[in-house]
Amino acid sequence: MTTLDQPTTTAPTPVVRRDRPVRRELGVANTLSHGFLLVWGLLTVLPLLWMFISSFKTNGEILADPWSLPGALHLDNWARAWTGAHIGRYFLNSMVVVAGSVSLTMLMGATAAYVFARYEFRGRQVVYYLFVGGLMFPVFLALVPLFFVVRNAGLFNTWLGLILVYAAYSLPFTVFFLTAFFRTLPTSVAEAALVDGCGHFRLFFRVMLPMARPGLISVAIFNFLSHWNQFLLPQVLLQGDESKWMLAQGLFALSVSQGYAGDYARLFAGLSIAVLPVLAVYVAFQRQVQAGLTAGQLK
């Protein structure tokens with residue numbers, strides 16, 4: 001009896017996929033993106049750096065060699081801008097108005113966004129889209145009717161009128177952003193608080209607002225930057241009385257006066273004073289802004 005030899009089988013050779021072209025494409029894309037970000041960063045930082053350096057130079061140094069470093073730090077430029085050009089008074093006026101407008105915007109916007117995100121009622125979507133629809137209307141489109149509304153309400157040339165207008169124009173973006181953010185918060189915490197006897201107002205102020213802190217900080221910073229840099233609305237609603245002007249109006253008047261005085265060192269000092277709060281807010285809260293922008297993507 002003979003035995004037949006079993007046929008020997010060989011294991012198939014695994015196919016190794018080469019991803020070098022893919023890696024090469026990703027490397028090229030990363031290089032291009034990093035190069036674009038580098039160019040964009042230089043275009044943003046270099047003008048600011050040149051402005052700060054010029055604020056410590058004399059007018060002769062600025063006109064003779066605008067790209068050179070100052071021979072000495074002339075701090076009197078900042079003093080002349082703060083007192084002589086009344087930048088200090090305009091700075092404090094802007095701080096008061098922006099603090100009031102941002103506080104009012106965040107209180108009203110967070111309350112409305114929480115209701116849209118957590119409660120079901122008839123017409124909720126219609127009212128929400130009316131809020132969001134405000135994003136489509138630019139400021140200059142309603143300047144003429146806004147002027148008459150504010151004047152007829154007795155709020156023309158007052159800080160209160162400017163605060164209310166700032167808050168009204170900031171509400172659409174605030175409601176839109178915070179509504180999406182409140183929807184990402186866990187409902188189990190709110191349900192547990194209600195079971196423990198927590199009322200709706202206490203639930204909102206004691207539980208939900210602390211949980212939404214990253215989103216609140218992000219929106220507050222965006223509103224602060226928008227209100228601080230606003231020029232068109234103060235120019236229309238604050239006229240005549242220079243003691244109530246905002247910082248943007250004061251800088252505009254200072255830049256116009258340079259055509260007759262030629263005090264460019266004081267102008268650069270005033271611009272530097274206006275930019276410092278913006279840079280300070282960004283440096284202090286940059287992590288909170290990044291956390292607020294990315295928290296809505298995670299649940």
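Heads up: numbering here begins at 1 and tracks the sequence. All figures in this text were calculated on a predicted structure; none of them were measured in a lab.
Rounded to the nearest 0.5 Å, atoms CD1 (I221) and CD1 (I217) are 7.0 Å apart. F205 contributes atom CZ, which lies 5.5 Å from atom OG1 of T111 (distance to the nearest 0.5 angstrom). Atom CG in L232 sits 10.5 Å away from atom CD in Q249 (nearest 0.5 Å). Within the model, atoms CE of M51 and OG of S272 stand 4.0 Å from one another, a figure rounded to the nearest 0.5 Å. The structure places CG of L251 at 12.0 Å from CE of M246, a figure rounded to the nearest 0.5 Å. The CG atom of N93 lies 11.5 Å from the CD atom of E242; values are rounded to the nearest 0.5 Å.
Under a hydrophobic clustering in which Ile, Leu, Val, Met, Phe, Trp and Tyr are joined whenever their side-chain heavy atoms come within less than 4.5 Å, directly or via other members, L42 and W50 fall into different clusters. Residues F131 and V126 do not share a hydrophobic cluster, clusters being chains of Ile/Leu/Val/Met/Phe/Trp/Tyr side chains in contact below 4.5 Å. Put simply, V149 and F137 are part of two different groups of oily side chains (I, L, V, M, F, W, Y) that touch within less than 4.5 Å, one to the next. Note on V132: it does not cluster hydrophobically with L130, by side-chain heavy-atom contacts below 4.5 Å among ILVMFWY residues. Residue V144 is grouped with residue L155 when hydrophobic side chains (ILVMFWY) are merged at heavy-atom distances under 4.5 angstrom, including chains of intermediate members.
Taking the six-membered ring where the residue is Trp, W228 and F91 present perpendicular rings, their angle passing 60° and hence far from 30°. By the 30° and 60° cut-offs, the orientation of the rings of F204 relative to Y114 is tilted. Ring geometry, W78 versus F52: the interplanar angle falls under 30°, so the pair is classed parallel (tilted spans 30 to 60°). The aromatic rings of Y90 and H86 lie perpendicular to each other, with more than 60° between the two planes, well past the 30° mark.
Side-chain contact check for V139 versus L146: every heavy-atom pair is 4.5 Å or farther apart. The side-chain heavy atoms of P234 and Y166, taken from C-beta on, include a pair separated by under 4.5 Å. Between C198 and L203 the shortest side-chain heavy-atom distance falls below 4.5 Å. You'll find the side chain of L247 reaches within 4.5 Å of the side chain of I87, heavy atoms only. The side-chain heavy atoms of M136 and P172, taken from C-beta on, include no pair separated by under 4.5 Å. In this structure the side chain of Y169 reaches within 4.5 angstrom of the side chain of L233, judged on heavy atoms. Looking at Y282 and L225, their side chains never come closer than 4.5 Å, going by heavy atoms from C-beta outward.
Side-chain N or O atoms of D263 include none that pairs as donor or acceptor with a backbone N or O of N59 at under 3.5 Å. Judged purely by atom type and a 3.5 angstrom limit, S103 has no side-chain atom pairing as donor or acceptor with the backbone of G100. Without hydrogens or angle criteria, S226 side chain to F222 main chain gives no donor-acceptor distance under 3.5 Å. Using a distance-only test at 3.5 Å, with no hydrogens or angles considered, no donor-acceptor pair links the side chain of T179 to the main chain of F176.
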Run the side-chain contact (heavy atoms from CB on, under 4.5 Å) check on H227 and T105 step by step: do they pass? CA-CA 11 Å; H227 298 177; T105 302; 4.0 Å; yes
Tell me, with the steps shown, if N223 and M106 meet side-chain contact (heavy atoms from CB on, under 4.5 Å). CA-CA 9 Å; N223 288 330; M106 295 307 300; 3.7 Å; yes
Verdict with supporting geometry, V127 and F116, side-chain contact (heavy atoms from CB on, under 4.5 Å): CA-CA 9 Å; V127 179; F116 290 140; 3.5 Å; yes
Evaluate L38 against H34 for side-chain contact (heavy atoms from CB on, under 4.5 Å), listing each step before the verdict. CA-CA 6 Å; L38 179 61; H34 284 78; over 6 Å; no
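Taking the six-membered ring for Trp, F147 and F156 have ring centres closer than 6.0 Å.
Atom OH of Y119 has more than 12 heavy atoms from other residues, nucleotides or ligands within 6.0 Å. When the shell of 6.0 Å around CZ of F121 is examined, it contains more than 12 heavy atoms from other residues, nucleotides or ligands. Heavy-atom contacts from other residues, nucleotides or ligands closer than 6.0 Å to CE of M108 number 12 or fewer.
Minimum heavy-atom separation, L185 to A212: CD1-CB, 4.1 Å. Annotation for P70 and E61: closest pair CA-OE1, 4.0 Å, computed over non-hydrogen atoms. S54 approaches P66 most closely through the heavy-atom pair OG-O, 4.4 Å. Across every non-hydrogen atom of L238 and K244, the tightest pair is CD1-O, 3.3 Å. Shown here for F177 and G215, the closest heavy-atom pair between the two residues is CE2-O, 3.9 Å. Taking each heavy atom of T83 and A79 in turn, the nearest pair found is OG1-O, 2.7 Å.
Listed by chain and number, the residues in a salt bridge (charged side-chain N to carboxylate O under 4.0 Å, His left out) with R206 amount to none (sequence neighbours excluded).
Through chains of ILVMFWY side-chain contacts below 4.5 Å, L49 is grouped with I53, L69.
The salt bridge (Lys or Arg N to Asp or Glu O under 4.0 Å) with E120 is formed by just one residue from the set R118, R122, R124; it is R124.
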